[in-house]
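Just so it is clear, the structure is predicted and the values come from calculations on it, not from any experiment. Counting from 1, the numbers follow the sequence of the chain as shown.
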Amino acid sequence: MNISELLSHLQILTNTKFTQTELGKALGKTRSDIHSKIKRNSELKLSEIQQIESYILNKYNLKIDIINTKTTQINNDFISIPVKGQFSSAKTGITIDNNSASYKISKKLAQDIGINQKDAQMILAQGDSMHPTIEDGDSLLIDTSKKEIYDGKIYCIRINKQLQAKRLQVIPPGKIKVISDNKDKYDSFYIDKNFDFDIIGEVRWWGRLAR
């Protein structure tokens, strides 16, 4: 399939004015590169077609098969939440490992728990300090807009560059009590508000695979 055919093909499949500029973005090329290919009537490689299909999936939420002219609307009842890394629910957590993965949840769930997509992060738990509430490997949905401490709620916090899931309690005038649910193995401890400490957000939901 040459580029001229592809452009008109993509306009039909996506029901948009798919331009040379956008095709360039999909292939990591400039508009003039695409224009030159059109003038030469260049044929596309299979790898380039796959790049375009991936671009359309990410931008238009459409899964298309360019060669076989099939297009399928992805279920719009779901939203994507970025997975920001892993953390330990124990005091000795692991260093944050940012990545580009994502986690889909239903729009209904997001609405029910009152979370906006722009404020949501998903983090995967490690450790047993919040057992039995949170288990190793659970997926935690964090609302980054909720940083004010309400005694007893669970928060994702950063202490010394490590992420942890803990219940927090404000102890006037300037301390925060950090509480583990697994009290048989982990003691509560106190930190000063001026310590190297950040609240990433409130843990609003967690889920796990059946064990």
Side-chain angles (χ1 to χ4, degrees), residues 25-28 47 50-64 72-150 152-168 176 178-182 186 191 196-211:
K25 289 179 181 178
L27 293 172
S47 60
Q50 290 170 338
Q51 271 185 267
I52 296 164
E53 289 174 347
S54 177
Y55 174 86
I56 291 171
L57 175 61
N58 291 327
K59 179 164 184 180
Y60 294 100
N61 207 28
L62 289 172
K63 185 175 183 180
I64 68 170
T72 305
Q73 182 72 43
I74 299 301
N75 193 336
N76 283 321
D77 291 335
F78 291 83
I79 59 174
S80 292
I81 306 297
V83 177
K84 292 299 185 181
Q86 291 185 319
F87 71 96
S88 171
S89 59
K91 282 198 290 185
T92 53
I94 63 170
T95 302
I96 301 167
D97 178 22
N98 288 327
N99 55 60
S100 59
S102 64
Y103 192 109
K104 289 189 182 296
I105 67 169
S106 71
K107 289 182 178 178
K108 180 65 166 57
L109 174 60
Q111 183 180 9
D112 287 347
I113 63 180
I115 195 167
N116 291 318
Q117 185 175 10
K118 64 181 179 63
D119 299 319
Q121 293 182 7
M122 190 69 73
I123 300 177
L124 306 179
Q126 284 190 341
D128 64 352
S129 77
M130 290 301 286
H131 171 81
T133 310
I134 294 171
E135 301 284 2
D136 184 59
D138 285 357
S139 302
L140 307 189
L141 181 58
I142 314 300
D143 187 342
T144 61
S145 71
K146 296 183 181 296
K147 298 179 185 288
E148 185 177 354
I149 296 174
Y150 289 90
K153 285 187 176 293
I154 301 175
Y155 295 86
C156 174
I157 60 176
R158 181 188 288 111
I159 299 178
N160 290 332
K161 298 183 180 180
Q162 294 177 345
L163 294 182
Q164 302 178 27
K166 297 293 182 185
R167 296 190 191 275
L168 299 181
I176 297 171
V178 182
I179 305 163
S180 299
D181 281 5
N182 190 352
Y186 301 92
I191 58 175
D196 183 10
F197 163 80
D198 291 303
I199 297 175
I200 307 303
E202 182 184 331
V203 178
R204 298 287 293 144
W205 173 91
W206 55 87
R208 68 184 58 137
L209 293 174
R211 290 176 171 86

List the atom of [X], the atom of [Y], and the distance in Å for their closest heavy-atom pair.
X      : Y      : value
Ile142 : Ile115 : O-CD1, 3.7 Å
Met122 : Ile81  : N-CG2, 3.5 Å
Gly114 : Asp143 : O-OD2, 4.0 Å
Tyr155 : Tyr150 : OH-N, 2.7 Å
Ile200 : Arg158 : CD1-NH1, 3.4 Å

Contact between [X] and [Y] at the side-chain level, heavy atoms closer than 4.5 Å - yes or no?
X      : Y      : answer
Ile134 : Ile154 : yes
Cys156 : Ile123 : yes
Ile157 : Leu163 : no
Ile199 : Leu168 : yes
Arg167 : Thr133 : yes
Asp136 : Asp128 : no
Lys146 : Lys153 : no

To the nearest 0.5 Å, what is the distance between [atom1] on [X] and [atom2] on [Y]?
X      : Y      : atom1 : atom2 : answer
Leu141 : Arg204 : CG    : CZ    : 8.5 Å
Ile105 : Ser139 : CD1   : OG    : 11.0 Å
Asp138 : Trp205 : CG    : CH2   : 9.0 Å
Leu124 : Trp206 : CG    : CH2   : 15.5 Å
Thr144 : Lys118 : OG1   : NZ    : 7.5 Å
Ile191 : Lys166 : CD1   : NZ    : 11.0 Å

